[in-house]
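For reference, the structure is listed below as structure tokens.
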Amino acid sequence: ATHPSDPRVGNLIARGRTADVYAWGDHEILKLFNEGFGADMIDHEARIARAVHASGVPTPPPGDVIDVDGRIGLLYARVSGVSMQQALMRRPWQALGWAKCLARLHAGMHARAFGAEFPEQRTVLRVKIERAAALPDDRRAAALGGLERMPDGDRICHGDMHPGNVQITPQGPVILDWADATRGNPLADVARTSVILRGMAGSPSAGSAAVRLFVQVFHAVYLSHYFHLRPAGRDEYQRWLPLVAAARLSENIPGQEAWLLARARG
């Protein structure tokens with residue numbers, strides 16, 4: 001993608017699947033969405049981000065929704081620092097501390113309730129399972145049936161909680177990217193983080209055996225510390241794992257289809 005012609009747009013900070021992130025003035029960043037992301041979806045993210053910030057979860061406050069070169073952008077307050085993922089790459093010997101930090105952030109988020117006007121986690125998971133083309137029909141039916149038997153919740157659930165979405169700042173860690181946030185069951189949200197991390201560790205495309213082992217250890221410490229902070233629900237968490245893996249198949253993650261299919265079979 002070419003750099004926007006608008007003179008207010010500064011340096012490219014990051015490039016993702018859904019959007020590019022640029023500097024915007026001295027105190028903000030611009031999340032400039034790719035084609036296919038309409039105004040409704042972006043207004044939805046802005047509403048969620050405002051509600052999450054108001055709840056007390058550590059996250060940058062969003063600003064205005066704007067148009068830049070025909071693309072829709074969302075402004076956020078700029079936070080300095082590096083992502084937890086970058087911190088892990090620079091100082092891997094600090095991994096256990098960062099894994100516990102991720103667990104503390106996640107547990108703190110799950111202590112807070114979300115208003116009813118936000119997307120229901122169950123609905124999002126159902127749609128993803130229905131759309132997962134790689135999922136055999138019998139497994140899809142089993143996953144949809146299993147999903148209906150799982151308990152609801154009213155907690156703030158991030159939907160994409162991993163080290164790349166945590167920024168380490170001088171004021172402490174903050175959580176980024178609330179596009180997938182839902183009102184739901186915390187244990188399903190923990191299962192989602194497990195599927196993301198274990199999927200990386202289980203995929204040959206993740207890198208060397210040493211890198212995959214590193215991710216496995218990071219995940220094990222994260223999970224252990226989360227259940228130390230919120231002890232109930234380990235058995236229920238296990239029942240969420242194949243359902244969340246089935247839903248993740250809809251995202252067509254390169255190199256992970258075989259691993260996700262195996263997990264989706266429970």
Side-chain angles (χ1 to χ4, degrees), residues 10 13-33 37 40-66 72-88 97-121 124 153-190 192-193 196-197 222 225-226 229-230:
I13 296 171
R15 180 157 279 160
R17 187 167 54 90
T18 61
D20 299 329
V21 178
Y22 294 93
W24 183 271
D26 294 331
H27 305 293
E28 290 180 297
I29 59 103
L30 169 68
K31 183 175 182 180
L32 196 58
F33 290 84
F37 290 86
D40 288 349
M41 296 170 68
I42 295 158
D43 286 338
H44 164 79
E45 179 178 335
R47 282 199 308 276
I48 286 182
R50 290 185 188 108
V52 171
H53 183 260
S55 78
V57 172
T59 186
D64 296 330
V65 176
I66 62 172
I72 303 172
L74 177 57
L75 297 174
Y76 281 94
R78 190 185 303 190
V79 290
S80 60
V82 298
S83 72
M84 185 182 288
Q85 185 171 318
Q86 290 170 318
L88 283 164
W98 289 127
K100 290 182 177 180
C101 174
L102 188 70
R104 281 195 304 275
L105 288 168
H106 218 178
M109 178 197 310
H110 291 157
R112 301 172 190 274
F114 232 166
E117 68 270 22
F118 291 97
E120 294 292 339
Q121 181 186 63
V124 171
D154 66 351
R155 303 287 107 176
I156 294 178
C157 293
H158 186 276
D160 200 24
M161 187 71 167
H162 59 76
N165 279 335
V166 176
Q167 189 85 349
I168 310 303
T169 81
Q171 293 76 38
V174 298
I175 305 166
L176 307 177
D177 196 357
W178 292 90
D180 296 311
T182 59
R183 176 181 187 266
N185 187 315
L187 295 167
D189 205 33
V190 175
R192 167 75 178 184
T193 295
I196 291 170
L197 293 174
Y222 153 81
H225 196 59
Y226 182 91
L229 297 169
R230 292 176 64 91

Looking at every heavy atom in both Ala179 and Glu45, which two are closest together, and how far apart are they? CB-OE1, 3.6 Å
Nearest atoms (heavy-atom pairs only) where Cys101 meets Pro173: SG-CG, 3.9 Å
Please determine, by modelled atom types, if His110 and Asp189 share a side-chain donor-acceptor pair under 3.5 angstrom. yes
Report the distance from atom OH of Tyr76 to atom CG of Leu176, rounding to the nearest 0.5 Å. 8.5 Å
Side chains of residues 51-66: which donor-acceptor partners sit under 3.5 Å, not counting sequence neighbours?
{"from": "Ser55", "atom 1": "OG", "to": "Val52", "atom 2": "O", "distance (Å)": "2.6"}
{"from": "Ser55", "atom 1": "OG", "to": "Val57", "atom 2": "N", "distance (Å)": "3.4"}
{"from": "Thr59", "atom 1": "OG1", "to": "Ile175", "atom 2": "O", "distance (Å)": "2.7"}
{"from": "Thr59", "atom 1": "OG1", "to": "Trp178", "atom 2": "NE1", "distance (Å)": "2.9"}

Taking atom CD1 of Ile13 and atom CZ of Arg15, what is their separation to the nearest 0.5 Å? 12.5 Å
To the nearest 0.5 angstrom, please state how far the CE atom of Met161 sits from the CG atom of Leu105. 5.0 Å
Inter-residue atom distance Arg183.CZ - Glu120.CD, 0.5 Å rounding: 5.0 Å
Mind checking salt bridge (charged side-chain N to carboxylate O under 4.0 Å, His left out) for Asp180 and listing every partner two or more places apart, or none if nothing turns up? none
Can you tell me how far CG of Leu229 sits from NE2 of His225, rounded to the nearest 0.5 angstrom? 4.0 Å
Gap between atom CG of Leu74 and atom CD of Glu28 - 0.5 Å precision: 10.0 Å
Name the one of His162, Arg104, His106, Lys100 that satisfies side-chain hydrogen bond (donor to acceptor under 3.5 Å, both in side chains) with Tyr222? His106
Listed partners of Asp177 passing salt bridge (charged side-chain N to carboxylate O under 4.0 Å, His left out), at least two apart: Lys31
Which heavy atom of Tyr22 sits nearest to which heavy atom of Gly10, and what is that distance? CD2-O, 3.6 Å
